[in-house]
Amino acid sequence: MSLGETPVTIIGNLTAEPELKFTDSGQALAKFTVASTPRTFDKDSGQWKDGTSTFFRCAAWRSLAEHVAESLTKGSRVVLSGRIRQHNWQTEQGENRSMLAVEVDDIGASLRFTTVAINGKPGDKPDPSGDPWNTDGNTAKPPF
């Protein structure tokens, strides 16, 4: 992460199916929106009440984009980390526009209310010898 970036962690639900596209150079891009809704317990009524939802437009790139499109669907509860980015553009009428979006660095299914099966691909696992946290020089795979 670069100096001055705004890191965020968001927990919420996908509002629609992720949209997978490929740039002219062949880079995968998944666009999706996550709605985060606070809930509070009302002691007087004895019930949970939803607050106002906040909607976050998100983008994931490369293999993460493909994994998002293959793994997540509308309604999936996720935990994601990323950076807020501001996008500026001008309309055909010359009006300036801007929007905030989250560039996703990592995302996973929330296990709070469900279970998931993880289908790892051997080629996707990092090489232990390249692990920056491996301080003892041991390149054997971890026991888990």
Please round to the nearest 0.5 Å and tell me the distance separating atom [atom1] of [X] and atom [atom2] of [Y].
{"X": "Lys49", "Y": "Thr40", "atom1": "NZ", "atom2": "OG1", "answer": "8.0 Å"}
{"X": "Phe32", "Y": "Ile107", "atom1": "CZ", "atom2": "CD1", "answer": "4.0 Å"}
{"X": "Asn13", "Y": "Thr37", "atom1": "CG", "atom2": "OG1", "answer": "7.0 Å"}
{"X": "Thr33", "Y": "Arg57", "atom1": "OG1", "atom2": "CZ", "answer": "4.0 Å"}
{"X": "Leu80", "Y": "Leu64", "atom1": "CG", "atom2": "CG", "answer": "9.5 Å"}

Any donor-acceptor N/O pair, Gln27 side chain to Arg62 backbone, under 3.5 Å: no
Show the atom names and distances, to 0.1 Å, of all donor-acceptor pairs under 3.5 Å that link a side chain in residues 93-101 to residues at least two apart or in another chain.
residue, atom, partner, partner atom, Å
Gln93, OE1, Thr91, OG1, 3.4
Glu95, OE1, Arg97, NH2, 2.9
Asn96, OD1, Gln90, NE2, 3.2

same_hphob_cluster(Leu29, Val104) at 4.5 Å side-chain heavy-atom cutoff: no
Single-linkage hydrophobic cluster, 4.5 Å side-chain cutoff, Val8 and Leu14 together: yes
What pairs with [X] under salt bridge (Lys or Arg N to Asp or Glu O under 4.0 Å), at least two apart in sequence or on another chain?
{"X": "Asp24", "result": "none"}
{"X": "Asp50", "result": "Arg39"}
{"X": "Arg85", "result": "Glu5, Glu103"}
{"X": "Lys21", "result": "Glu19"}

Validation row: Thr15, Val34 side chains within 4.5 angstrom (heavy atoms): no
Minimum side-chain heavy-atom gap Val78-Val68 below 4.5 Å: no
Write down the atom of [X], the atom of [Y], and the distance for their closest heavy-atom approach.
{"X": "Ala109", "Y": "Val116", "answer": "CB-CG1, 3.9 Å"}
{"X": "Ser110", "Y": "Val79", "answer": "CB-CG2, 4.1 Å"}
{"X": "Ala65", "Y": "Ala30", "answer": "CB-N, 3.4 Å"}

Restricting to side chain to side chain contact (heavy atoms under 4.5 Å, CB included), what partner residues turn up for [X], sequence neighbours left out?
{"X": "Thr52", "value": "none"}
{"X": "Ser71", "value": "none"}
{"X": "Ser63", "value": "His67"}
{"X": "Ala69", "value": "Leu20"}

Residue pairs involving residues 39-64 (criterion ring pair (Phe, Tyr, Trp, His ring centres under 6.0 Å); sequence neighbours excluded): Phe41-Trp48
Connected-component partners of Phe113 among ILVMFWY, side-chain separation under 4.5 Å: none
Listed partners of Ser81 passing side chain to side chain donor-acceptor pair (under 3.5 Å), at least two apart: none
Heavy atoms of other groups near Leu111 CG, more than 12 under 6.0 Å: yes
